[in-house]
Every structure is written in structure tokens, then in C-alpha cells.
Amino acid sequence: MVHDPYWDLVHEPTEAPFEIAKTALLIVDMQNLCAHPEGWMGRLARDQGKPDHLKERFDFIAEITPNLKRLLDHCRKVGVEVFHIRVAFRTKSTRDGKRQLLNRLNDTPLLPMDWDIVDALAPTDDEIIIDKSSVSTFNSTAIDQILRNMGKERLWVCGVVTEGCVELTARDAADKGYFVTLVTDACASSRRAAHDDAVQRITDGNVIKGRTTADLIALSRS
């Protein structure tokens, strides 16, 4: 892990005072497709005779899911807006999405259940679901306009995978001027080492803050 010494020469970025009404929780890609062993990624491994190939990934996701559920329940209780973000396409062939984002679909077809958010985090009531066909949520959706329409300026980002869709979503959000927090114990990767490396890179310099589930619950406890 490498620290950029530039950050030693400048003032640490500051945040606006915390306000629940201006805060949103972004849960990225916690759907059966890529976050459940019976989803497409799990079936892809089994169809290739490698049933344990993604074991570390699914074990890691199972480990962080209780933190996600605890944070989700807290946000619902105190009024932090919840966004469920998932990969989804307009076509069965996924041809409207990023080229090669998913492939080998002839060998391992997609199933309707793949698009569903995992049961433990399933949306309720009027919670917003954002469908994306790219790695960064901000690249293929109207989320920026929606967040601004709703007066949100602080985003808590979590989900899978840390160095992929989570990182790009968080970085794009920060680049657009949002105050972004990476929920460090509510993200997972296929390899724990990849997660640890991504957390260090993303939060280096504190432009994107790194906080735990407990930190955010304490910050927003009414």
C-alpha cells in the first residue's frame, strides 16, 4: 500500500455539517447476480467445474451482510434515503450495456432471479432502485439528477465489489461534488487483499472518507 505524499502538503478536505435530510445510502450491486452463490456468478463457476472458485467472495459477502443490514435498518429508522443500485439491462442479450460486462451467457444463461436484490437487503415500501448497465452508477443512470432533485449532498457508499463498481461510483460521486463516505466494513471483494488495497487507495487523502457502520450509526443517531 502506497500513500501519496501530496496529501501531506495540503489541508485535509472538510465536510459540510451532517444533516439526515441531505444524506443518502447507496447500496451497490447487492443482488443475486453477483452477491449470492446461487446467482449467475456462482452458477458460472459451477458450470465450469470450479464450484469453490468464488468461495472467498461469497464468504466475504456473507460476513459484511449483517453490517449492511444493520446500516440499512438504521437509515430506514432515522430517515436517510436509501438507494438500491443493481446491474440490469433493457435487453435479454445485455447488448444495451457495457460491452463484455457479462459474457459466456450461452454457457450460463441469466435467470430472472439474478436481478433481484438479495433477500436480506430487499427494498421495502417506496425505496428507490437504480438500474445500471455500467460499472459506475453515474455513467449509465440518472442518479446524479435524482440526488440533486432530492437535495442530497452526502453519500454513504457500500456493496460489491470494493475495487470495482463501489470504487467507481464513489469516485465519480466525489468528482461531482458530493461528500462521499466509503463504508469500509460494508463492502466486499472476491479477494480480501483486493478490498484492503482498494480501501487504502480510495480513502488516501480523505477526499473520500472511510468510516465503519458503527461510525455512521453513531453520527446519525437521533
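Excluded from the calculations below are hydrogen atoms, water molecules and symmetry mates; all remaining heavy atoms, backbone and side chain alike, are included.
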Apply side-chain contact (heavy atoms from CB on, under 4.5 Å) to the pair Asp185 and Ile64, showing each step before the final yes or no.
CA-CA 6 Å; Asp185 62 349; Ile64 60 104; 5.7 Å; no
Aromatic ring pairing Phe89/Trp115, orientation class (parallel under 30°, perpendicular over 60°, tilted between)
perpendicular
Is the closest basic N to carboxylate O distance between [X] and [Y] below 4.0 Å?
X: Arg43; Y: Asp114; answer: yes
X: Arg76; Y: Asp73; answer: yes
X: Asp204; Y: Arg201; answer: no
X: Asp196; Y: Arg192; answer: no
X: Glu19; Y: Lys152; answer: no
X: Asp144; Y: Arg148; answer: yes
X: Arg154; Y: Glu81; answer: no
X: Arg86; Y: Asp131; answer: yes
X: Arg191; Y: Glu56; answer: yes

Indicate yes or no for a side-chain donor-acceptor contact from [X] to the backbone of [Y] under 3.5 Å, with no hydrogens or angles considered.
X: Arg46; Y: Pro37; result: yes
X: Thr91; Y: Thr94; result: yes
X: Gln200; Y: Val2; result: yes
X: Asp125; Y: Glu127; result: no
X: Thr203; Y: Asn206; result: no
X: Ser140; Y: Lys132; result: no
X: Gln48; Y: Ala45; result: no

What distance do [X] atom [atom1] and [Y] atom [atom2] have between them, rounded to the nearest 0.5 Å?
X: Thr181; Y: Asp215; atom1: OG1; atom2: CG; answer: 9.5 Å
X: Leu182; Y: Cys187; atom1: CG; atom2: SG; answer: 4.5 Å
X: Leu72; Y: Leu25; atom1: CG; atom2: CG; answer: 6.5 Å
X: Thr108; Y: Leu111; atom1: OG1; atom2: CG; answer: 9.5 Å
X: Cys75; Y: Ile27; atom1: SG; atom2: CD1; answer: 7.5 Å
X: Thr137; Y: Leu168; atom1: OG1; atom2: CG; answer: 9.0 Å

Atom CG of Asp119 with >12 non-hydrogen neighbours under 6.0 angstrom:
no
Tell me whether Gln145 at atom CD has more than 12 heavy atoms from other residues, nucleotides or ligands lying less than 6.0 Å away.
no
Using a 4.5 Å cut-off on heavy atoms from C-beta on, say whether the side chain of [Y] contacts that of [X].
X: Met150; Y: Ile128; value: yes
X: Ile130; Y: His84; value: no
X: Leu216; Y: Leu71; value: yes
X: Arg57; Y: Met41; value: yes
X: Trp156; Y: Ser220; value: yes
X: Phe83; Y: Leu147; value: yes
X: Glu38; Y: Asn32; value: no
X: Val160; Y: Cys165; value: no

Indicate whether the side chain of [X] and that of [Y] have a donor and an acceptor atom separated by less than 3.5 Å.
X: His195; Y: Glu163; result: no
X: Ser189; Y: Thr162; result: yes
X: Ser136; Y: Asp172; result: yes
X: His3; Y: Asp8; result: yes

What is the minimum heavy-atom distance between [X] and [Y], and which atoms define it?
X: Ser134; Y: Asn139; value: OG-CB, 3.6 Å
X: Trp7; Y: Val207; value: CH2-CG2, 3.4 Å
X: Gly39; Y: Met113; value: CA-SD, 4.3 Å
X: Val166; Y: Val28; value: CG2-CB, 4.1 Å
X: Phe58; Y: Ala35; value: CE2-C, 4.0 Å

Apply side-chain contact (heavy atoms from CB on, under 4.5 Å) to Leu155 and Phe179, showing your working.
CA-CA 6 Å; Leu155 307 180; Phe179 300 110; over 6 Å; no
Under 4.5 Å between side-chain heavy atoms, counting indirect links through other Ile/Leu/Val/Met/Phe/Trp/Tyr residues: same cluster for [X] and [Y] or not?
X: Ile117; Y: Trp40; answer: yes
X: Val135; Y: Leu26; answer: no
X: Val161; Y: Leu68; answer: yes
X: Leu44; Y: Ile61; answer: yes
X: Val87; Y: Ile146; answer: no

Would Arg95 and Ser93 satisfy side chain to side chain donor-acceptor pair (under 3.5 Å), going step by step from the backbone distance to the final call?
CA-CA 5 Å; Arg95 66 184 181 277; Ser93 66; 3.0 Å; yes
Lys22 vs Glu15, salt bridge (charged side-chain N to carboxylate O under 4.0 Å, His left out): CA-CA, chis, key distance, verdict:
CA-CA 12 Å; Lys22 295 183 178 181; Glu15 295 179 301; over 6 Å; no
Audit row: Asp107, Asp47, side-chain contact (heavy atoms from CB on, under 4.5 Å) steps and yes/no
CA-CA 8 Å; Asp107 300 327; Asp47 288 349; 6.0 Å; no
The side-chain contact (heavy atoms from CB on, under 4.5 Å) partner of Val183 among Asn67, Val157, Thr213 is Thr213
